[in-house]
Amino acid sequence: MSTAVAVRRMARHVGFWEAVFAVIVLLFAGVTVLRFTQGLGAVTNLSDKFPWGLWIGFDVLCGVGLAAGAFTLTAIVHIFNLHRFEPIVRPTVLTGFLGYLMVIIGLLFDLGQPWRIWHALVFWNPHSVMFEVAWCVMLYTAILALEFSPVVFEGLRLERPRRIMRSVATPLVIIGVILSTLHQSSLGSLYLIVPSKLHPLWYTPLLPYLFLISAIGAGIGMTILESYLSERAFGRRLEMDLLEPLARGMVVALGVYGLVRVIVIWKNGAVAMLLHPGYEARMFLLEMLVGVVLPVGLLLIERVRTNPTGLVVAAVFAVLGFVMNRLNVSVTGMEGAAGVQYVPSWMEVTVSLGLVALGFALFAVAVRYLPIFPEPGHGE
Amino acid sequence: MSVGLLFDSTRCIGCGACSAACKEANGLPLPIEEHTTAYTWTVVENVGGVNVRRLCFHCDQPTCVSVCPVAALQKTPEGPVVYAADRCIGCRYCIMACPFGVPKYQWDRPIPVVGKCILCAGRVAQGLPTACAAVCPTGATLFGDRDTLLHQARARLAAGPDTYVDHVYGVTEAGGTALLVLSGVPFEKLGMKTDVPRQPLPLLTWQVLSKIPSFVGVWATFLFGVHWITKRREEVSAYEAQREHER
């Protein structure tokens, strides 16, 4: 009797999320086999008319953008020397590193011949934005690994390498911030070359600046979200004293971003489309509502900002709005000129979900084995 | 000398000899498809009773060449925009960026490459015309020096103002292309893109990319400067706090 109860208890312990994870991993493995034996056409809804889909729009554009918290926070701590933010640097850098890792794995699915990914290192074309992004992403992933390495050394009790890494922390952070500024903006520059294809509600010569500043806003949103999830999963308290000032930074970033976007569509005349909103205009309005108006509006209220739930809800809006923006630039805004509708196949969605799940799983493993969070009561 | 093609849609009878010759000259698999694909680099489409060829425009400053991260696409001095399949990583930025929608992908293959008209670069290098121009029975597709062809096109416009729309497509599109097209009906009615910018598109990204070296220098100096100042301020305040404490 008691054994049966124990077994049932164990079965219950394999909870909902573990089951979801297992299903996603299984499907992911199946799609991977199909992708590499049958080609892109067999698993995606991509076509000559619509060559970039969910894997670029979500896995790459959102993956890189949402990992922007890492360079923002390392800059705050190491360049502006605001050391009180130190406790959330480690989980944020880990999130950033895993984010970039998932971006690279996503790229291996999306590239037609991923085994040639190293070609960008050998065959140069400095006129290509993609060439620049490739170099920056590669170098910055290496920088993130180095920025995270002291945690690993600490976990393995390797004092000497840890001290060496600490002595080069500042130059590493400066290089990381430069690389991030470059490629976060360059993801926007990718679309500068399609003025006749990208809808005027999204096309502007300012795309690189908009991509950078929205990534800073959403990166902070992601840091807040990641703190909240850690609180729930690992029984940690929410560092409201750190997250609240960060949220104010997010308000400034998203506020500037929203204002510039309004000025852009005012000046290029696309604002008139909002009067009789079609498909694109409705998506634009939804994106601006979720990604700018709601988070900025909510966080301007002090009572919301200082309340854990209010703060997290606003951060979720910022992250969702960011994802909507990147998908609107890469999908919604490109559909009109392409003359086709693109909806990702379930297999494309599976790969994207699988990467997110993999990221979460690796984060959980890292937290278990490495000193990611400061010991409770160990405050400086 | 830079070569080009002049396609006069008023002279095309839609026989499709160009498509067949292209397949043969470039070793492409049959059948000839309805629209251009990675395996069919040129087709004749009948749009509202008018025969119009689809093929690469071979821009003077090609968008595809500028966006390719591994320089798999190149503009040769003779004019053709060629593709080195063994370099291509399959990012498909060329397909996404081409203002004319020309490059196509082998979506059905596990080891795919891009396919597009290469203006018979091999034949052209030997002094031969492109396969499509060589077989065209009506002279609707002419091969030759691009400037000479442009003269010819303008002469036709001048001689037949009632026959033609008063524009040589390819003179200004995307900053100028090696393929020139004449038509008796407005070009948009032939399904040709008329919203293509008049200036070369690579400038749009180059004006950002070319600033990167100076940006990196200024930004690095600024970031280090901020670090230096805030760090110093921290040391000063720590020192003062200690003095205060000692007193």
Side-chain angles (χ1 to χ4, degrees), chain A residues 35-42 44 46-49 51-52 56 75 78-83 107 110-114 116-117 119-120 122-134 170-171 173-175 177-178 181-182 185-186 189-190 192-197 205 208 334 337-338, chain B residues 35-38 63 65-73 84 86-99 101 103-114 193 195-197 201-202 204-210 212 215-216 219-220 223-224 226-227 229-234:
Chain A
R35 154 70 189 89
F36 288 104
T37 53
Q38 308 298 307
L40 283 164
T44 70
L46 297 174
S47 64
D48 287 325
K49 290 209 158 104
W52 282 6
I56 295 289
H78 288 273
I79 295 175
F80 290 92
N81 278 303
L82 298 170
H83 291 288
L107 263 179
D110 189 74
L111 289 177
Q113 299 206 36
R116 288 180 178 171
I117 197 166
H119 277 198
V122 184
F123 306 114
W124 287 26
N125 180 13
H127 284 261
S128 166
V129 180
M130 185 76 82
F131 168 77
E132 191 240 310
V133 170
T170 302
V173 166
I174 291 180
I175 297 170
V177 171
I178 293 171
T181 332
L182 288 182
S185 58
S186 289
S189 306
L190 283 176
L192 285 180
I193 205 140
V194 287
S196 57
K197 292 186 176 181
M334 298 289 285
Chain B
H35 303 287
T36 57
T37 66
T63 308
V65 170
S66 102
V67 300
C68 180
V70 292
L73 289 149
D86 55 347
R87 276 195 180 193
C88 179
I89 60 174
C91 72
R92 313 186 298 284
Y93 195 9
C94 52
I95 304 172
M96 179 273 201
C98 173
K104 302 282 148 71
Y105 208 53
Q106 296 177 336
W107 299 99
D108 54 337
R109 295 201 177 172
I111 303 178
V113 295
V114 170
K193 308 240 189 290
D195 56 352
V196 174
L201 290 140
L204 294 170
T205 39
W206 183 240
Q207 62 195 17
V208 176
L209 285 172
S210 59
I212 285 180
F215 168 80
V216 167
W219 194 213
L223 290 172
F224 178 75
V226 171
H227 166 77
I229 292 168
T230 52
K231 180 114 190 169
R232 175 73 190 150
R233 206 179 271 169
E234 200 179 44

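Naming: A, B, ... by sequence-line order, numbering from 1 per chain.
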Enquirer: Can you tell me which portion of B:Leu209 sits under 4.5 Å from chain A's heavy atoms? Options are side chain, backbone, both or neither.
Expert: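 Interface part for B:Leu209: side chain.
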Enquirer: Let me know if A:Leu190 has heavy atoms under 4.5 Å from chain B in its side chain, its backbone, both or neither.
Expert: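 Both the backbone and the side chain of A:Leu190 come within 4.5 Å of chain B.
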Enquirer: Quick one: are A:Ser128 and B:Cys68 in side-chain contact, heavy atoms under 4.5 Å?
Expert: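 In short, these two side chains do not touch, never coming nearer than 4.5 Å.
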Enquirer: Can you find a pair of side-chain heavy atoms, one from B:Cys88 and one from A:Phe123, that are under 4.5 Å apart?
Expert: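 B:Cys88 vs A:Phe123: side chains apart.
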Enquirer: Which bit of A:Thr170 comes within less than 4.5 Å of chain B, counting heavy atoms only: side chain, backbone, both or neither?
Expert: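 Answer is side chain: those atoms of A:Thr170 sit under 4.5 Å from chain B.
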Enquirer: Tell me whether B:Arg92 contacts the main-chain N or O of A:Trp52 through its side chain, where contact means a donor paired with an acceptor under 3.5 Å.
Expert: no
Enquirer: Counting heavy-atom pairs under 4.5 Å to chain B, which of A:Pro195, A:Ala42, A:Ala134 comes out on top?
Expert: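 Counting heavy-atom pairs under 4.5 Å, the top option is A:Pro195.
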Enquirer: Identify which part of A:Phe80 has an atom lying under 4.5 Å from any heavy atom of chain B, answering side chain, backbone, both or neither.
Expert: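 Both parts, backbone and side chain.
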Enquirer: For A:Val194, is it the side chain, the backbone, both, or neither that has a heavy atom closer than 4.5 Å to a heavy atom of chain B?
Expert: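 Answer is side chain: those atoms of A:Val194 sit under 4.5 Å from chain B.
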Enquirer: Can you measure from CZ (A:Arg116) to CD1 (B:Ile111) and round to the nearest 0.5 angstrom?
Expert: 8.5 Å
Enquirer: Which residues satisfy the side-chain contact (heavy atoms from CB on, under 4.5 Å) test with A:Ala337, sequence neighbours excluded?
Expert: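 For A:Ala337 the side-chain contact (heavy atoms from CB on, under 4.5 Å) partners, ignoring immediate neighbours, are A:Lys197.
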Enquirer: Of the listed residues (A:Leu111, A:Val122, A:Ile175, A:Ile117), which shares the most heavy-atom pairs with chain B below a 4.5 Å separation?
Expert: A:Leu111
Enquirer: Measure across A:Ile178 and B:Leu223 and return the closest heavy-atom pair with its distance rounded to 0.1 Å.
Expert: CG1-CD1, 4.0 Å
Enquirer: Quick one: what part of A:His83 sits under 4.5 Å from any heavy atom of chain B, side chain, backbone, both or neither?
Expert: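 Contact with chain B involves the side chain of A:His83 alone.
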Enquirer: What's the shortest heavy-atom distance between A:Phe36 and B:Pro110, and which atoms?
Expert: O-CB, 3.8 Å
